[in-house]
Amino acid sequence: QVHLAESGGGSVQAGDSLRLSCAASERIYSSNFMAWFRQAPGKEREFVSRIGWGFGNTRYADSVKGRFTISKDGPKNTMYLQMNSLKPEDTAVYSCAIGLSASNWHGAYDYWGQGIQVTVST
């Protein structure tokens, strides 16, 4: 069972940047897909971005397109989410996940990190 650990969250002001990391406890294979989801208080879990580990193909939610960049470091088995021009509506718990399908649906992912808080104030 792979374990995922997020880091890099925190409290920032609108317009600032943060970089989230998601480190896997074991090797990630080219057949895997990894994703970031977020959940704000009182709202459903929302897809943010995903990346295919083999080819590095990426997808983004419309709400973060142009501001967030997902990337990976294969040898380190680590995924990143660079978040620029943060807005108060980006405030949420961000979680990383791994699975075998290229999907924006949280149910397609098998293993999840604990989640990390990102708070953006005005």
Side-chain angles (χ1 to χ4, degrees):
Q1 178 175 346
V2 62
H3 294 279
L4 303 177
E6 302 97 341
S7 61
S11 296
V12 297
Q13 293 190 324
D16 286 350
S17 299
L18 279 175
R19 188 175 82 153
L20 303 183
S21 299
C22 174
S25 61
E26 58 187 63
R27 178 186 172 186
I28 301 172
Y29 294 89
S30 60
S31 56
N32 287 127
F33 294 84
M34 294 192 73
W36 289 98
F37 289 80
R38 67 186 182 185
Q39 189 167 19
K43 295 188 176 181
E44 294 187 353
R45 186 178 297 178
E46 174 188 25
F47 167 77
V48 177
S49 183
R50 59 177 167 89
I51 187 167
W53 212 254
F55 295 103
N57 46 313
T58 60
R59 291 291 187 275
Y60 296 92
D62 288 342
S63 57
V64 306
K65 202 171 294 184
R67 299 188 298 122
F68 291 11
T69 302
I70 193 170
S71 63
K72 63 182 179 73
D73 186 328
K76 293 184 178 180
N77 297 309
T78 300
M79 174 179 66
Y80 303 98
L81 186 68
Q82 177 67 43
M83 305 186 294
N84 298 330
S85 302
L86 282 161
K87 304 176 180 180
E89 50 263 44
D90 294 319
T91 296
V93 173
Y94 286 70
S95 300
C96 61
I98 187 170
L100 293 173
S101 300
S103 176
N104 297 357
W105 177 51
H106 62 83
Y109 294 86
D110 302 305
Y111 300 102
W112 291 78
Q114 294 280 357
I116 193 164
Q117 179 70 44
V118 171
T119 302
V120 185
S121 58
T122 55

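This one's a predicted model, so the numbers in the text were calculated from it and none came from an experiment.
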Between [X] and [Y], is there shared hydrophobic-cluster membership here, with clusters defined by ILVMFWY side-chain heavy atoms closer than 4.5 Å?
X    : Y   : result
I116 : I51 : yes
L100 : I70 : no
V12  : Y80 : no
Y60  : Y94 : yes

- More than 12 non-hydrogen atoms from neighbouring residues, nucleotides or ligands closer than 6.0 Å to CD on Q82, yes or no?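 Count over threshold, so yes.
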- Item | Basic-acidic side-chain contact under 4.0 Å: D90, K87 |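 Judged by the 4.0 Å cut-off on N to carboxylate O distance, D90 and K87 do not form a salt bridge.
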- Qualifying disulfide (SG to SG under 2.5 Å) pairs, either residue in residues 26-62, two or more places apart: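 Qualifying pairs, neighbours excluded: none.
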- Task: Kindly state each residue pair satisfying disulfide (SG to SG under 2.5 Å) with at least one member in residues 17-104, sequence neighbours excluded.
- Result: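 Listed by first then second residue: C22-C96.
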- If a pair satisfies side-chain hydrogen bond (donor to acceptor under 3.5 Å, both in side chains) and one of its residues is in residues 10-21, list it, with sequence neighbours excluded.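 Output for this query lists S17-N84.
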- Qualifying side-chain hydrogen bond (donor to acceptor under 3.5 Å, both in side chains) pairs with a residue from residues 40-57, counting only residues at least two apart or across chains: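 Applying side-chain hydrogen bond (donor to acceptor under 3.5 Å, both in side chains) to every pair that reaches into residues 40-57, excluding sequence neighbours, yields R38-E46, R50-N104.
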Any side-chain heavy-atom pair from [X] and [Y] closer than 4.5 angstrom?
X    : Y   : answer
L86  : F68 : yes
Y109 : F37 : yes
K72  : I28 : no

Identify the heavy atoms of [X] and [Y] that sit nearest to each other, and give their distance.
X   : Y   : result
V48 : L81 : CG1-CD2, 4.1 Å
P75 : D73 : CD-OD1, 3.1 Å
A61 : F47 : CB-O, 3.4 Å
V2  : A24 : CG2-CB, 4.0 Å

- side chain to side chain contact (heavy atoms under 4.5 Å, CB included) between W112 and H106: does it pass, once the steps are laid out? CA-CA 10 Å; W112 291 78; H106 62 83; 3.7 Å; yes
- Taking only residues two or more places apart in sequence, or in another chain, which ones meet R27 in a side chain to side chain donor-acceptor pair (under 3.5 Å)?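 R27: no side chain to side chain donor-acceptor pair (under 3.5 Å) contacts found.
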- Query: Do any N or O atoms from the side chain of E6 and from the backbone of Q114 form a donor-acceptor pair under 3.5 angstrom?
  - Reply: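 Yes, because the side chain of E6 sits within donor-acceptor range (under 3.5 Å) of the backbone of Q114.
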- Query: With no hydrogens and no angle check, is any side-chain donor or acceptor of T78 less than 3.5 Å from a backbone partner on K76?
  - Reply: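 Looks like yes, one N/O pair under 3.5 Å.
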- Task: Go through the structure and list residues passing side chain to side chain contact (heavy atoms under 4.5 Å, CB included) with V93, not counting sequence neighbours.
- Result: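 By the side chain to side chain contact (heavy atoms under 4.5 Å, CB included) rule, V93 matches S95, Q117.
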- Query: CE/M79 to CH2/W36 distance, rounded to the nearest 0.5 angstrom?
  - Reply: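 Separation between the atoms: 5.0 Å.
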